[in-house]
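What follows is a single structure, written as C-alpha cells, with notes after it.
Chain A is the first sequence line, chain B the second, and so forth, proteins listed ahead of strands; every chain is numbered from 1.
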Amino acid sequence: MKLEKGRNPLSTILQLVDIWKSYDDVKALCGLNLEVFKGEIFGLVGPNGAGKTTCLKIIVGLLKMDKGSITVNGLDPTVHPYKYKRSIGYVPESVSLPDYLTIEELLIYSGKIREVPNEILKQRIDSYLKIFDLEDKRETLILQLSRGMRQKTAMASALIHDPDLLILDEPLIGIDPAGQHVIKEIFNMRIKENKTVFLSTHMLDTAERMCNRVAIIHRGRNVATGDLRHLQSLSETGENATLEEVFLKLTEERGIEKKEQIDEQPKKRSLFGVFR
Amino acid sequence: MSIIRDLYMFKVKVFLGALRSSRSSLLIIAIYIIGLLPPSVGMSLTVVNLVKGGIDLTTYVDLFSIILNVIFVFLLLFSLRGYIAYEYEQNLIFTSSVNPRTYLLASLLADITALSIFLFPAYLFLAILTISLQLSILSTSMIITYLLLFSLLMYFIKTSLSILESQLQSIIIRAVLVIVAALLLFPAVEFALQDQIRYSKLPYPSTLVSEIVLRSIQGSPLNSMAILGVLTYFSFSLILFLHCSKIDIYRYAKPIPLVSPFDTSMRTQTIKTGQNIRFFSKVGSRINLNIEPKSLQIFLIKKEIVRMARDGSFFIVLLFYVSLSVISFTSRSNEAAFPMWMFILSFYAFLVPAMLTSNWRIVEQDLLWIPLTAGLNFVFIAKAILYTFMITAFTVPAILILILSVTNNFEPVTSLVLTASSSIIGSSINLYTAMGFLSKKRRATPSIMITYTAMFLSGLLISPVYIYALTSIFLGFDAPIRIVLAIPTLAYSAAIYQVFSKKIERKALGIELS
C-alpha cells in the first residue's frame with residue numbers, strides 16, 4: 001500500500017482556496033479547498049460528476065472559476081499567467097493530439113511553445129522517447145499510433161519542460177500493464193526530484209497504490225483530505241479499511257447531508273410561490 | 001415484404017433525421033433548390049422555344065445522350081470504390097438476420113425516395129415543358145417512364161458492379177468499368193471534335209431513351225425498336241442486379257462514417273480529416289517541422305504550413321485555383337473578357353481564407369488544450385495562423401496572376417491589390433469569426449454555418465475594395481491612377497487587419513475549453 005501515513009510536507013506547491021464553478025444552473029464546484037505539497041503523489045478521487053475534471057481544468061487554465069484563488073509555486077495565474085502555466089504539465093483524460101505530426105514533431109512543438117532551449121529540448125526528446133519505448137516510432141505520424149502509445153506520447157509531451165507539477169486526468173485508462181509500469185516509474189522519478197504528481201481518478205485501487213495522499217471530492221466539495229490512516233479515522237471505518245470502504249462511507253454521509261438540504265429547498269420555494 | 005417496408009421506413013427516417021437535425025443540411029437544400037430554380041425555368045423555356053421552332057432529332061439525340069452518359073459514367077466511376085454502406089447499416093442491419101437482397105431492395109426504394117426530393121428542378125422542367133408544349137398525358141407518361149427506366153438501369157448496373165468489385169477486388173472488374181466508361185464517353189468526344197461516330201448512330205441505352213423522349217416531346221410516332229431495345233437493356237440490368245443481390249455483401253461492404261450524405265457533424269468531419277491526413281501526409285511529410293527556427297513566430301508559422309500540407313488544405317486551394325486558371329487560359333484569346341477573368345481570379349482570393357479557416361477549425365478545435373496549457377501567449381498562435389492564411393491566400397493567386405499577366409501582356413496592379421486586400425480582410429474576418437465560435441455555447445455550431453457567417457461579414461467589409469477594382473476596370477484608369485488609388489485601398493485593408501487582429505487577441509485570451 002502506497003498511501004502513506006503521517007507524511008511531513010516540505011512546502012506547498014498547489015493551493016486552491018474556496019473555488020466555485022457553475023455550468024449554467026449546475027454547480028460543479030462549491031467552495032473547494034485543497035493543498036498539495038512538493039514531492040508527493042496526490043490523488044483527487046470522487047465519483048463521476050464529482051467535479052474532478054472541472055477542478056483540473058481550472059488549475060491548468062482551460063476553465064475560468066467563478067470565485068476563489070489558486071496558486072502554483074506561489075504564483076497567481078491572474079498575475080503571472082504564463083510563468084504559472086510553465087510550472088505545470090498536463091495530460092487530459094481523452095487525449096486529442098495533432099494526428100498530422102510525428103511523435104518527434106509533437107515533442108518539438110510542445111517544447112518550443114514552452115520556450116525550452118533547443119539543446120535541452122533535443123536531449124529531453126531523446127531521453128523521453130527512450131523511457132517511453134517510442135524511439136523506433138519517432139517519425140511515425142500520431143494518426144498511426146495505438147491508444148496506449150498516444151497516451152505515452154501525451155505524457156512525454158507534458159514532461160518535456162520538466163514541470164514542477166504534473167497534472168493527469170485518469171492517467172491509467174487505456175494503458176497496458178507494461179505502460180502502467182513505465183508511468184509508475186516516471187512518477188517515482190519525479191518524486192525523487194522533489195517534483196509533484198497530481199492525478200484524478202475514480203479507480204480507488206489505483207489511488208491507494210500510487211498516491212501518498214488523496215482528497216475525496218463529492219458534489220464539488222472536498223469531503224476529506226489526507227493519508228489513509230487519517231481518512232480511516234475520519235470515517236471511523238477501522239484500521240483495516242480500504243480506501244474504497246473509506247470513500248463509500250464518507251461520500252454516503254455527504255450524500256445524505258446533501259439530500260437533506262435538497263429536500264428542504266422545495267418547501268421554501270413553494271412558500272415563496274404562495275405569496276407571489 | 002414487411003421487412004423490406006420496415007427497412008425502407010427506417011432508412012428514410014434516418015435520412016430525414018440527419019436532414020432535420022442539422023440546420024446546415026437544410027440550408028444546403030434551400031440553396032440547392034433556390035439556386036437551381038432560375039436555370040430550370042430558363043432551360044425549360046429555351047427547350048420550349050427550340051421545339052416550337054422545330055428541332056433536328058439526330059443532333060438533339062446526340063446532345064441529350066451526352067448528358068445521360070456523363071451522369072452514367074459519373075455513377076460508374078463511383079463503383080470503383082466498391083460497395084459502400086453507412087456505419088449504422090453495418091452496425092444494425094448487417095449484424096441482423098435480414099438477407100442482403102432484402103436490404104438491397106429496401107435501399108433501392110429509400111434511394112429513390114431520397115433522390116426524388118432532389119429532383120425538384122426536373123419536376124419543374126417537365127411541368128413547364130408539358131404545359132407550354134401542350135403535351136398529351138400519354139407523351140408525358142412516356143417521358144417519365146423511360147427516364148425512370150434509364151435511372152433504374154444505371155442504379156442496377158452501378159450497384160451490381162460495386163458489389164462485384166467489393167467481392168472480387170479484381171483488376172478485371174476495374175478494367176471493365178474503365179472500358180465501359182470510355183465507350184460511353186467516346187461519342188461525346190467525337191461530337192465535340194465534329195467527327196463521325198455519334199450516339200445517334202449507336203444502339204446505346206441512352207440513345208434509345210433520348211429518341212423516345214424527344215419523339216414524345218415532338219409528338220411524333222415512337223420507334224418500336226427503340227422501346228424494345230430499352231426494355232432489353234433494362235431486363236439485362238435487372239437480371240444482373242438480382243444475381244448480384246444473392247452475394248453476401250455484408251462481408252465485403254466498406255464502411256462510410258456518415259449517417260446520410262448530409263451528415264455535417266463534428267465527428268464525421270474529424271473522421272474525414274483523419275482520412276485526408278492519411279492520404280496527404282504521404283506528400284506533406286516532405287515538409288518537416290524541425291527544431292531549428294530560432295524565432296517562435298516563424299516556428300509556429302512553419303507548424304501551420306506543415307498542418308496545411310498534411311491535412312489537404314493546400315491541395316484544396318491549389319485545386320481551386322487550377323480549375324479557375326484553366327477557365328482563364330481558355331479566355332486568353334478574348335481580349336475584352338480577359339480583365340474580367342483576372343478580376344474573378346482576384347475576387348476569389350476571399351474564399352481561400354474561408355476554406356482554410358474551416359479546415360483549421362475542424363482539425364485544431366480539439367487540440368487547443370495544448371497551446372492553452374503551455375504558458376504561451378495564445379496571441380502568438382493566432383498570429384501564426386493569420387499570417388499563414390494571408391500568405392497562402394495571396395501567394396497562390398498572385399503567382400497565377402503574374403504568369404497570366406506576362407503571357408497576356410496585361411498590367412496586373414489592380415488584380416494584385418484586390419488579391420492582397422481580399423486575403424488580408426478575408427483571413428482576419430474568418431479567423432475572428434472562428435474564434436468567436438470557439439466559446440462553450442457555440443462550439444457545436446456546424447462549420448458550414450460559421451463559414452457562411454464569416455463570408456457574409458468578409459463580403460461586406462471587402463466591398464469598398466471591389467468598388468475600387470471594378471471602377472478601375474470599367475473606367476479604364478491608367479496605371480499611375482490605379483497605383484495612387486491602391487494606396488487608400490491597401491491602407492483600408494491594413495486598418496481592418498489591425499482592428500480584427502486586436503479582436504482576435506481578445507477572443508483568444510477568453511477561450512475556455514470545457
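Residues A:D99 and B:S281 fail the side-chain proximity criterion, which asks for heavy atoms closer than 4.5 Å. Within the 4.5 Å cutoff, the side chain of B:L300 has heavy atoms near those of the A:Y109 side chain. Looking only at side-chain heavy atoms (C-beta outward), A:L141 and B:R310 come within less than 4.5 Å of each other. Taking 4.5 Å as the limit, every side-chain heavy atom of B:I511 sits out of range of all side-chain heavy atoms of A:L62. Residues A:I113 and B:F380 form no side-chain contact, since every pair of their non-hydrogen atoms from C-beta on lies 4.5 Å or further apart.
The shortest heavy-atom contact between A:S96 and B:D366 is CB-O, 3.3 Å. Scanning both residues, B:L376 and A:E115, for their nearest heavy atoms gives CD1-OE2, 4.4 Å. Contact between B:K303 and A:Y100 at its shortest, heavy atoms only, is NZ-OH, 2.9 Å. Residue A:L101 comes nearest to B:V306 through the heavy atom pair CD2-CG1, 4.0 Å, listed as atom of the first residue, atom of the second, then distance. When all heavy atoms of A:Y90 and B:W369 are compared, the pair lying nearest together is O-CZ3, 3.6 Å. The shortest non-hydrogen separation linking B:I277 to A:L143 is CG2-CD2, 4.0 Å.
Taking A:R86, A:Q144, A:K112, A:E139 one by one and counting their heavy-atom pairs under 4.5 Å with chain B, the maximum is reached by A:K112. In terms of heavy-atom pairs under 4.5 angstrom with chain A, the leader among B:L296, B:N276, B:I291, B:L372 is B:I291. Comparing A:P98, A:S94, A:G111 by heavy-atom pairs within less than 4.5 Å of chain B, the highest count is held by A:P98. When the candidates B:I381, B:I370, B:D311 are compared by the number of heavy-atom contacts under 4.5 Å with chain A, B:I370 comes out ahead. Ranked by heavy-atom pairs shorter than 4.5 Å toward chain B, the options A:L121, A:I108, A:V95 are led by A:I108. With chain B as the partner, the residue from A:I125, A:L106, A:N118 showing the most heavy-atom pairs under 4.5 Å is A:N118.
By the neighbour-count criterion of 12 heavy atoms within 6.0 Å, atom NZ of A:K184 is densely surrounded, having more than that number from other residues, nucleotides or ligands. By the 6.0 Å contact criterion, NZ on B:K254 is enclosed, its count of non-hydrogen atoms from other residues, nucleotides or ligands being greater than 12. The number of heavy atoms from other shown groups lying within 6.0 Å of CD1 (B:I298) does not exceed 12.
With rounding to the nearest 0.5 angstrom, the CG atom of B:N377 is 3.0 Å from the OH atom of A:Y82. Atom OG1 of B:T373 is separated from atom CD1 of A:I88 by 8.5 Å, given to the nearest 0.5 angstrom.
Between A:E105 and B:K302, none of the side-chain N atoms (NZ, or NE/NH1/NH2) sits under 4.0 Å from a carboxylate O, so this pair counts as no salt bridge.
No part of A:K83 comes within reach of chain B, as not one of its non-hydrogen atoms sits under 4.5 angstrom from that chain. With a 4.5 angstrom heavy-atom cutoff, A:K57 touches chain B only via side-chain atoms.
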Evaluation steps, salt bridge (Lys or Arg N to Asp or Glu O under 4.0 Å), between A:K21 and B:E512: CA-CA 13 Å; A:K21 175 71 185 173; B:E512 272 192 283; 3.5 Å; yes
